[in-house]
Number of protein chains: 2
Amino acid sequence: MGRQQGFDTSAVVRSARAVFWEHGYDGASVPALERATGLGRSSLYHAFGSKRGLFDAAVTSYLDEVVRPRLQPLRAAAVAPTALAGYLTGLRAALAAAPRTPGCLLLNTATSPLGGDDAVAATVGAYRAELASALAAGVRAARPDLDAAAARHLTETLTGLVLAAFALARTDPAAATGCLDTALVACSPLGLPPAHPTRGTRSASR
Amino acid sequence: MGRQQGFDTSAVVRSARAVFWEHGYDGASVPALERATGLGRSSLYHAFGSKRGLFDAAVTSYLDEVVRPRLQPLRAAAVAPTALAGYLTGLRAALAAAPRTPGCLLLNTATSPLGGDDAVAATVGAYRAELASALAAGVRAARPDLDAAAARHLTETLTGLVLAAFALARTDPAAATGCLDTALVACSPLGLPPAHPTRGTRSASR
DNA sequence: CAAGTACTGTAACGATCGTTGCACAACAAC
DNA sequence: GTTGTTGTGCAACGATCGTTACAGTACTTG
């Protein structure tokens, strides 16, 4: 069936994803995508049709390789009581580790003009629902003492705090980790910080 | 001292601000800014130096004419106990009113590549601090029963939920208003919704 | 081997980007 | 009125944007 392509598609998408993640859709120029992927325009356009096609592939890759692996413990059949706190501390560590993090590819897209696109809006909506669903499972496992209304309230609070952390990641990483600290406090059975509101997470710097 | 300019600077900045708000910094082309303001390039560049200069003026205008007026009841010397809930319901109504809202100009900028700019990051940080400070005052007035740690925790939770609402405004207005509903529940002394978690706000549609 | 098809390199496309120079118009100061 | 300064209109700048056409290469298929 003709010549076979000389590159690994998923690796190329991963490289392109990094460019979109850091520079946004508009800011990611085709020459920059060529450099990052090591491919020429012909190959890119042949494989993905357009810049937007490559971006869509990058978003799918982001969901599959970045978002869902981190949510996996919360989406399993049996969710551990520590899975919720583990997710939040893990996310906190990830944000604190990188000196300058671009935040969340999907949230950045949602707040960009591209967020007006119906397909993008649907993807972002599905992402938020997936996150909320996973956090709900974590809340059920970590806080079986809560009734349905309280669990729902806590879930929505945590979802909002996680999204706020993503929103602040680029300009104010400290504030972003602070949001996750607040989330950790919120899901504690005590309901209040033990001594000082600033929690120490041994796996994260600062 | 020479010819005097034939336009109202603040009105021009207001028009330009709307363009930046909807299309973002990169997406706002100079021709579009010309059309919105009714000015030629010469006048724009003479008055503001560059596109970035006009954007900075638009951000200042946004803070002065959009953000702070809404926060004013929370920044007054004497804060009413209802000011906090008033802010949240007012914001909710504003998000629910417009069919398609561009969210928050500053948060959109923060999550864009421009968020990496030091000046932008500083502005966004100051904005977040101002919001958090105002919400803290509202919490003190609305919930004098809370101790310092609990008040601080509630303030950070509310700040996060407001930011999350802004982040979701463009792609999912319903989810954005949901964040504000959750915030309203969180600052209620009951701590839980009375019957159904979905609160009715008589001033807002839906 | 011959034929056909799929992938890739090079080059250019038209469009739009933000910015600048220059000539002219309008007003203040003298 | 004259001079000097400042705002505005017109036009073009070089650069970069995403996309496409075309020729050539590499491989599968018969």
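Chain naming here is simple, since letters A, B, ... match the order of the sequence lines and numbering starts at 1 in each.
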Participant: Atom NE2 of H46(A) and atom P of dA21(D): how far apart are they, to the nearest Å?
Facilitator: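 For the pair H46(A) NE2 and dA21(D) P, the rounded distance is 15 Å.
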Participant: Give the rounded distance in Å between these two atoms: CZ of F48(B) and C1' of dT8(D).
Facilitator: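 The distance from CZ of F48(B) to C1' of dT8(D) comes to 14 Å, rounded to the nearest Å.
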Participant: What is the distance, rounded to the nearest whole Å, between atom CZ of R35(B) and atom C1' of dG18(C)?
Facilitator: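 So the two atoms are 15 Å apart, to the nearest Å.
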Participant: Does the side chain of S43(B) get closer than 4.0 angstrom to OP1 or OP2 of dT8(D) through an N or O atom?
Facilitator: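 Checking dT8(D) against S43(B), a side-chain N or O does come within under 4.0 Å of OP1 or OP2.
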Participant: Return the value, rounded to whole Å, for the distance between atom CD of Q5(B) and atom P of dA26(C).
Facilitator: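 Distance, rounded to whole Å: 16 Å.
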Participant: Using whole Å, what does the distance between atom P of nucleotide dT16(D) and atom NE2 of H23(A) come to?
Facilitator: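 The answer, rounded to whole Å, is 15 Å.
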Participant: State which of dT19(D), dA6(C), dG18(C) makes the closest approach to the side chain of P31(B).
Facilitator: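 Of all the options, the side chain of P31(B) is nearest to dG18(C).
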Participant: So, T111(A) versus T111(B): side-chain donor-acceptor pair below 3.5 Å or not?
Facilitator: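 Yes.
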Participant: In the structure I gave you, are the side-chain heavy atoms of Y87(B) and V162(B) within less than 4.5 Å of one another anywhere?
Facilitator: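 Touching, per the 4.5 Å side-chain cut-off.
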Participant: Does R41(B) contact dT19(C) through a side-chain donor or acceptor facing the base, at a distance under 3.5 Å?
Facilitator: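 In this structure, the two groups form a donor-acceptor pair.
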Participant: Compare the minimum distances between each of dG18(D), dG18(C), dC7(C) and the side chain of Y45(B), then state the nucleotide with the smallest one.
Facilitator: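 For the Y45(B) side chain, the nearest candidate turns out to be dG18(C).
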Participant: Classify A28(A) by what it touches in the nucleic acid, base, sugar-phosphate, or nothing, heavy-atom distance under 4.0 Å.
Facilitator: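 The residue A28(A) makes sugar-phosphate contact but no base contact.
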Participant: Nearest 0.5 Å please: distance from the OG1 atom of T177(B) over to the CG atom of D172(B).
Facilitator: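 Answer for the OG1-CG pair, T177(B) versus D172(B), is 8.5 Å.
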Participant: Whether the side chain of R143(B) engages the backbone of S188(B) through a donor-acceptor N/O pair (distance < 3.5 Å, no angle test) should be reported.
Facilitator: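 Present.
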Participant: Take a 6.0 Å sphere around CZ of R68(B) and say whether it holds more than 12 heavy atoms from other residues, nucleotides or ligands.
Facilitator: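 Counting other residues, nucleotides and ligands, CZ of R68(B) exceeds 12 neighbours.
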Participant: In whole angstroms, how far is the C1' atom of dT19(C) from the CG atom of L33(B)?
Facilitator: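 So the two atoms are 14 Å apart, to the nearest Å.
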Participant: In whole angstroms, how far is the C1' atom of dT19(C) from the CG atom of L54(B)?
Facilitator: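 In whole Å, dT19(C) C1' lies 14 Å from L54(B) CG.
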Participant: Taking DNA chain D as the partner, which of residues 6-22 of chain B come within under 4.0 angstrom of it by heavy atom?
Facilitator: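 Residues of residues 6-22 of chain B under 4.0 Å from DNA chain D: G6(B), F7(B).
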Participant: What is the minimum heavy-atom distance between V13(B) and S61(B), and which atoms define it?
Facilitator: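 In this case the closest contact between V13(B) and S61(B) is CG1-CB, 3.6 Å.
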Participant: Return a single string for nucleotides 22-30 of chain D, one symbol per nucleotide in 5' to 3' order, where B is base contact, S is sugar-phosphate-only contact and - is none, cutoff 4.0 angstrom on heavy atoms.
Facilitator: --BBBBSS-
Participant: From NZ of K51(A) over to C1' of dT20(D), roughly how many Å is that when rounded to an integer?
Facilitator: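 Result: 17 Å.
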Participant: Nearest to the side chain of V30(A), which nucleotide is it out of dT8(C), dT8(D), dG18(D)?
Facilitator: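 For the V30(A) side chain, the nearest candidate turns out to be dG18(D).
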Participant: Does a salt bridge link D56(B) with K51(B), judged by any charged N lying under 4.0 Å from a carboxylate O?
Facilitator: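 So D56(B) does not pair with K51(B) through a salt bridge.
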Participant: Answer yes or no: are there more than 12 heavy-atom neighbours, outside Q72(A) itself, under 6.0 Å from its atom CD?
Facilitator: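 Result for CD/Q72(A): open.
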Participant: Would you mind telling me which of L163(A), V139(A), L131(A) makes a side-chain contact (heavy atoms from CB on, under 4.5 Å) with L158(A)?
Facilitator: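 Going through the options one by one, the only one that passes is V139(A).
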